[in-house]
Amino acid sequence: MPFKIIASQCTSCSACEPECPNVAISEKGGTFVIDPKKCTECLGYFDEPQCVAVCPVDNTCVVDTSLPRYQAPV
Amino acid sequence: MDVSAQHDASSIGHVAEVGEIMQAIAEHKGCGTSGGSGKASCGSQAGQGDLPTEIWEKVKNHPCYSEEAHHHYARMHVAVAPACNIQCNYCNRKYDCANESRPGVVSEKLTPEQAAKKVLAVASTIPQMTVLGIAGPGDPLANPEKTFKTFELISQTAPDIKLCLSTNGLALPDHVDAIARFNVDHVTITINMVDPEIGAKIYPWIFYKHKRYTGYEAAKILTDRQLQGLEMLTERGILCKINSVMIPGINDQHLVEVNRAVKSRGAFLHNIMPLISSPEHGTVFGLNGQRGPSAQELKALQDSCEGEMNMMRHCRQCRADAVGLLGEDRSAEFTTEKIMAMEVKYDAETRKAYQEKVEEERVAKVAAKQEELAELAGASSDIKVLAAVATKGSGLINEHFGHAKEFQVYELSTAGAKFVGHRRVDLYCQGGYGEEDSLETIIRAINDCHAVFVAKIGGCPKGDLIKAGIEPVDQYAHEFIEKSAIAWFKAYLDKVNRGEIEHVERGDAVIRQGALISAA
Ligand code: SF4
Ligand code: SF4
Ligand code: SF4
């Protein structure tokens, strides 16, 4: 499941953007959004999702349960 | 957050001999007896003994470093990099309100290109503007590309502007080379502890090497990286100032040890700032009722560290996009919209000519104070009093009591007048009429002072001040602060000696809590 950002909580601090190994995060209309097609949940890169680890507001970068889990390409 | 830096020390247009400058620094810093430890010391001389002349050269015109220079020169901050890699319990990065001027907070985030244009626009409008700082919100080194891109653009277009940087230090060791390359030679590091046990109470987490660390481990990494970064900078001759936030019951005692640790690693100035925390700021400290220090507690700690190194007393805990002289904020004149529409012509010559005039004023001020001090010579008394001054800069008593947004506080003794801090207050006279409540706030803010020097004051507040035991003094309107303060003190001593008045100690004062610290 890819991560998503809860826009109402995002402070637009931009801390997450440069940390994403997949360049999945970008600014849109003042807040930051994750492109679910690009997010790999940081699998294969880091032990923890970088956006979650760096975000100053708890529970702002969260799993998007409405989407299927990320599948590593074969 | 706050700021500091520069590269070309001679760029300011000051042509005095080095000896003269060092003399001037010794003069204006003044000597005093430090409180806590009880040993007599002269802050400036202690510092000077350790510092090479080039460093004093760099410091002398820097509004954030030199207490005396801040009357004459202005700084600005630009906010280009709001990301941060740690969390401090005194910071809430979510909170930004357009109606309130608070340190560390910024309303407008700029691209490096916009920031460079803003710097040019401000420098052309305010010729006293000599220093540009990147101080947040956030940690400039958590977003190094934007920070260094901004420095690069400014050093190309306005090479006479000094650059400075404030950081929490976590990423510092990785960027020391870039800092040196961009001639950023003043760096401020916020160091609140050197003991991870204490650090764990201040920092809930850090983000380091792609991992979030918490507790003791986080604080341990942070302090190691901060001290390593400090050492690396001072080895390269880059000036380092240390900011510490005084948090009563958590690090207040410990800051003496922090002072020793940073001094031994070559930091040249230590700025101990009061914690500012109110529940409405939404910080962890604000919400759990952690109090800030009183004016006396802060001064006692600063005094006890003073024998070790220079203490900075004039910090305003500026907004991250503050513009203008310290204590003044003209950022509203330079919004992105206004700047982008501005036709900017950068005229280094006009700036230089203006700054030369400023230097003349400064020399006159030091000379005037010298004269008055000579009068005081020979007098000996243990009496020390504090006096508050309403000023809008240039080292003059030139502000109306009702218009003062802050008061500068001087300690007067037979050694002279020593600047010891400033007190922010709410405007007494808003829209031309006095408000009772704000007068009470002002009295609380300067309650430890015996006198308040003003350019003008209305009859009503005058009476209330006298009732509170604070003498309003308006006979030195538009004269030099230190000269006047010494003259007044001399007359005060005379009256005490003649038995006309009795000297009584004043109580404590309250530090205004209307601002939120964000001290990367
Ligand atoms: S979980 Fe990792 S890959 Fe997904 S958006 Fe966050 S940082 Fe990027
Ligand atoms: S780190 Fe969190 S608060 Fe900052 S931009 Fe990303 S999602 Fe928003
Ligand atoms: S005070 Fe500065 S270092 Fe601390 S969390 Fe806020 S922005 Fe980051």
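Naming: A, B, ... by sequence-line order, numbering from 1 per chain.
Pairing each heavy atom of B/R212 with each of A/C55, the nearest pair is NH2-O, 2.9 Å. In terms of heavy atoms, B/A83 sits closest to A/A15 at CB-CA, 3.4 Å. The two residues B/W205 and A/V54 come nearest to each other via the heavy atoms CH2-O, 3.4 Å.
In A/D47, the CG atom is not crowded: 12 or fewer heavy atoms of neighbouring residues, nucleotides or ligands sit closer than 6.0 Å. Counting non-hydrogen atoms of other residues, nucleotides and ligands closer than 6.0 Å to CG of A/D58 gives a total above 12.
When atom types are taken as modelled, the side chain of A/Q50 and the backbone of B/H210 share a donor-acceptor pair closer than 3.5 angstrom.
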